[in-house]
Amino acid sequence: MKSLDQDAEKEGAESEEQAYVSSPSASVSPDAPSITVTGRDANDASTCRNRSRSRGNPAKEDINFTVKQFTDRALHSNISGENVKRQEYERTLHIRGSDKVLQGRPEANGNNVNNPRSKMNQDTLDNGVKLPRKKKPVTVDTSKAKTSLEALKISIKQLKWKEFPMGRRTACDIYWHGVSFHDNENIVSGQVNKFPGMVEMLRKINMSRAVRTMQELFPEEYDFYPRSWILPQEYQQFTAQICMVKENDATANHTFIVKPDGGSQGDGIYLIRDPSDLKLVAGSQAKQGVVQEYIHKPLLIDKLKFDIRLYVLIKSLEPLEIYIAKEGLTRFCTEPYQEPSQKNLSHVFMHLTNYSLNVHSGNFVHSDSQSTGSKRTLSSVLYRLAAKGVDIKKVWSDIIALVIKTVIAVVPELKVYYQAEIPPGKPGPTCFQILGFDILLMKNLKPILLEVNSNPSMRIEHEQEVAAGVFEYVPSPVDEEVKVNVIRDTLRLMDPSRKNQSIVLPRPGAEPSEEIPTEADLKASSTEEALPSLCLKQVYPKYTKQFNYLRLVERIAALFIRFLGVKGNMRLGPTAFRTFIRSCKLTNSSFSMASVDILYIDITRRWAGTMADSREAGMGLQAFVEAFFSLAARRFKSLGQRQQVLALLEQCEAQNLWEERRSVSCSRTLSGGNRTHVAPLSPAPLRRPPYNQWLSCASQLLKPISGE
C-alpha cells in the first residue's frame, strides 16, 4: 500500500485572525432629561433632548453635559505595515448640585453610547482594521471526569482556561464526562466529550457485526480484524466449522480467544483450543461474547509480546473528522512469549497484553524512562524498529488505514444513536470523543485490530506496592507525557472560539460540505504560541480520496434514518418499511407487498432473538442492512454483492431525490412561488431513467473500486 502521506494534499497557508477590543467609554444614563451640550452641533443636542422627552421620565437631576474637544492625537499602531491615526475626544459630565465629574471617550460619530453600531465603530480604526479584544476563557465542567481528572486539570491549566470542578448552574463551553454521554442529562448546549451510543457500539458483539458487514462488501480491505463468532447465537456454527477444519487437516490445532461482550481491562478473557472448553453459562444466564481466532506469530521485542494503544479523536460525525495522536503507548507482556499449547493456555502474562492484568505480575517493571519497562512510548518502539531496518512509514501508513476503515465501519450506527438522542431542531450539545485503539503488530508488521475502547484510561498515575500488601498511586511519567498532550490538544481543537476565528479552506478531493481549518488557526493567541505543536494529526477528511468509496453502509443508514419517521426513534416499524419500499419503487410482479411483509417479519424476528437487551420492537439498522442486501441480491442477480448494493443505493437515492423535488415543486406551485426558503429547482424536466441506466451508472462508479 502506498504511503498515505504521499497522497495527502498539502494543507492551506496560515491565516491571520481578526479579533476585537472595546475602548472604555463613560456610562451615560439614557433617561437624562435635560442635557446642555457645548462644542457640539446643535442638531445633536436637539436629538438628545427629543429622545429624552420621548421616554416621558421626569427629571431627577439637571446634568450639564459639556464636551471638550482636544487637539488631534495620533495613535501609531503598526498594523498591516501602516501607521493608523485616530482622533480621540474627551467628555466631561458635571452634575449640578454636586462635585461629581464623569470623564470618558465619546464615539467618533457622536451617537448615543448605547448604540451597538457605535460600539462596533469603537473597535474599528479608520482604515477598517479591527483591534484585538481580550478573549474570555473557555469554561470546562469537570465534575464527571472521574479517572481522567488529573490529566484534564493539567491540560486546562496549560491552556489558561477556567475549570468548574463542582459543575455550574449556567452553561459551560465543554463538558468532560468519564463514562458516557448520559453522565449529565441536563445539557442543552456546549460540547460533550462523548457521543451517544458509543459505549454500546464498541461492545465486542456490535463491533464484530459492524466489521463483518464491511468484510462482506470489502473482504480485502477489512482483513485486519480476526475472524469472529458471536456467542451464544453462533455456537453451533463455530463448532461445525472447527470440526470441518480438523477433518480436512488432522494436525490443525487452532487456538481461539474468548472475550465477554461488555468486558474491559482483560476481565473474563481466556484461551481455548476446543469448542467444548467454552464457558457459555454464568449462573442461569447465557454469556454474551465473541470468540476470535488467536493471532499467531506476533512481533516480539525482548522476546515479549506487546500491543499498541493509539489514541484517536473523532471530532465530528457530520462531516466526519478523524485525528490520530502521533504518540501512543506500548504495553508489554511480562513473561517470554511461546506459541500457545495446552500447557500454557492459562498463562495470561504470556498471551494477554492488557496493562490491568500484567501490572499484577511480579515481573512488571515500572520505569520513568520512555524506552524501557513494561509500558513504553510508541515512538521509542518505532525508533528501535527503524534501527533494525523496518520501514516505519509503511507501518504508520497501514495503522492510519486501519483506523479510518474501523471508524467508517462504526459511524453508521453512531449516526442513528445521535439522531435519536439529539434530533434535528432539538437543542442539544455537539459531541466529540477520544477512543483507544488496541493494535497488535504481527511478525510481518501487518497491524491487527484487537479492540476499540470507548473509555480508554486517561489516568496518569500507576498503582505500586510500597510495602507488603500496601498499594498506592504514584506518578507515571510515561502516561503523563502521552495522555496530557492528547487531552490538551483535543481541547485546543474543540476550542469554541475557533469556530468564529478560524479561516477554512476547501481541500481538493474532500466532500463539498467539508472544510478543513488551517493549522495557523491555532497560533493566534499568545497562549497558543507558547504551546507545542499539535500532537494530533488529521487523517480524515485529509485522506477522503483514498477511503470515501468505503462509506456504502453509511449511505444505507441515511435511508434508514430518513424513513424512521418519529424523532428519537431507532427502529423501523412495518409501515415505515413499506413506505421505504414504495418510495424506492422496489415492488414488481414477482415481489409484492405481501412478500415485503414476509421479509420484514422474518428478519425482525431473527434479530430480536439476537438482541438480548432490546426493549424496542421493530427493525434496527443492522437488520435493515441485512434486508437491504437481500433486496439488492433479489433485484440485481447478475452482479456481485458489492455491485448489487451500490446499484440499489443509486436507485433508492435518485428515486428519493426525485420525490423530494416533485414535492417541493408542488409546494411552490400551491403557495404561488412564495416559499423563499426552498432551493430553486433545475429548469430541466425531471424524468426517472430506466433500470438499465441505473446499472450503467453503477458500473461507472465501481470502476475506481475495482482498481484499488
Side-chain angles (χ1 to χ4, degrees), residues 202-212 215 222-300 304-307 331-358 360-361 438-443 446 448-453 610 612:
L202 295 184
R203 288 177 179 269
K204 309 298 188 299
I205 290 178
N206 286 335
M207 180 72 187
S208 296
R209 283 176 174 152
V211 175
R212 182 186 295 179
Q215 287 175 334
Y222 282 84
D223 63 348
F224 56 81
Y225 192 71
R227 190 178 183 187
S228 305
W229 294 265
I230 296 170
L231 300 175
Q233 291 82 13
E234 297 177 356
Y235 171 74
Q236 296 297 334
Q237 179 184 348
F238 169 65
T239 302
Q241 290 179 351
I242 299 307
C243 292
M244 185 181 299
V245 170
K246 289 184 176 181
E247 288 177 0
N248 296 334
D249 185 1
T251 61
N253 204 354
H254 295 284
T255 304
F256 303 92
I257 185 168
V258 184
K259 302 176 181 179
D261 183 39
S264 61
Q265 300 181 339
D267 183 38
I269 299 178
Y270 59 97
L271 272 60
I272 63 171
R273 306 200 83 178
D274 191 273
S276 61
D277 296 331
L278 280 170
K279 304 169 186 177
L280 296 177
V281 179
S284 60
Q285 295 183 344
K287 282 187 175 181
Q288 298 283 326
V290 297
V291 55
Q292 295 179 328
E293 289 180 328
Y294 180 85
I295 305 301
H296 292 267
K297 298 182 179 179
L299 180 66
L300 304 179
L304 298 173
K305 182 179 177 181
F306 69 96
D307 74 350
R331 293 92 56 88
F332 284 75
C333 288
T334 49
E335 286 186 18
Y337 179 79
Q338 298 176 6
E339 285 294 319
S341 64
Q342 200 63 41
K343 293 182 179 180
N344 64 28
L345 284 182
S346 60
H347 293 198
V348 293
F349 299 146
M350 176 188 296
H351 297 294
L352 304 183
T353 55
N354 303 74
Y355 165 79
S356 54
L357 293 177
N358 284 278
H360 298 293
S361 168
D438 292 345
I439 299 170
L440 181 74
L441 288 179
M442 297 181 65
K443 193 174 183 178
K446 178 181 179 179
I448 299 293
L449 178 65
L450 300 179
E451 64 180 6
V452 183
N453 296 271
T610 64

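The shown structure was predicted, so the numbers you read here are calculated from the model rather than taken from an experiment.
Here the closest heavy-atom approach between residue S341 and residue R273 is recorded as CA-NH1, 3.5 Å. The two residues Y225 and K204 come nearest to each other via the heavy atoms OH-O, 4.5 Å.
With D274 contributing its side chain and S276 its backbone, the two residues share a donor-acceptor pair below 3.5 Å. Looking at N453, its side chain never comes within 3.5 Å of a backbone N or O of D438 through a donor-acceptor pair. Listed for the Y270 side chain is no donor-acceptor partner under 3.5 Å among the backbone atoms of L345. Of the possible donor and acceptor atoms, none in the side chain of N248 sits under 3.5 Å from a partner among the backbone N and O of V245.
To the nearest 0.5 angstrom, L352 atom CG is 10.0 Å from D307 atom CG. Distance check, rounded to the nearest 0.5 Å: CG of L449 to CG of L440 gives 10.5 Å. In this structure, CG in L278 is found 9.5 Å from CZ in F256, a value given to the nearest 0.5 Å. Rounded to the nearest 0.5 Å, atoms CD (Q288) and CG (L231) are 8.5 Å apart. A distance of 13.5 Å separates CD1 of I295 from NE2 of H351, quoted to the nearest 0.5 Å. Here T353 contributes atom OG1 and L450 contributes atom CG; the two are 6.0 Å apart, rounded to the nearest 0.5 Å.
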Steps toward side chain to side chain donor-acceptor pair (under 3.5 Å) verdict (H296, E339): CA-CA 7 Å; H296 292 267; E339 285 294 319; 3.0 Å; yes
Intermediate values then yes/no, side chain to side chain donor-acceptor pair (under 3.5 Å), Q241 and W229: CA-CA 11 Å; Q241 290 179 351; W229 294 265; 2.7 Å; yes
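Looking at heavy atoms from C-beta onward, K305 lies in side-chain contact with C333 at the 4.5 angstrom threshold. By the 4.5 Å heavy-atom criterion applied to side chains, Q292 and S208 are counted as neighbours. Side-chain contact between I272 and T255 is absent, with no heavy-atom pair separated by less than 4.5 Å. Side-chain contact check for F238 versus P275: some heavy-atom pair is nearer than 4.5 Å. Counting heavy atoms from C-beta on, the side chains of M207 and E451 never come closer than 4.5 Å. A heavy-atom distance below 4.5 Å is not found between the side chains of V291 and S228.
Judged as a salt bridge (charged side-chain N to carboxylate O under 4.0 Å, His left out), not a single pair has a partner in residues 251-264 (not counting sequence neighbours). For the salt bridge (charged side-chain N to carboxylate O under 4.0 Å, His left out) condition, the pairs that include at least one residue of residues 224-236, sequence neighbours left out, are R212-E234.
Here T334 pairs with N358, S361 under the side chain to side chain donor-acceptor pair (under 3.5 Å) rule; sequence neighbours left out.
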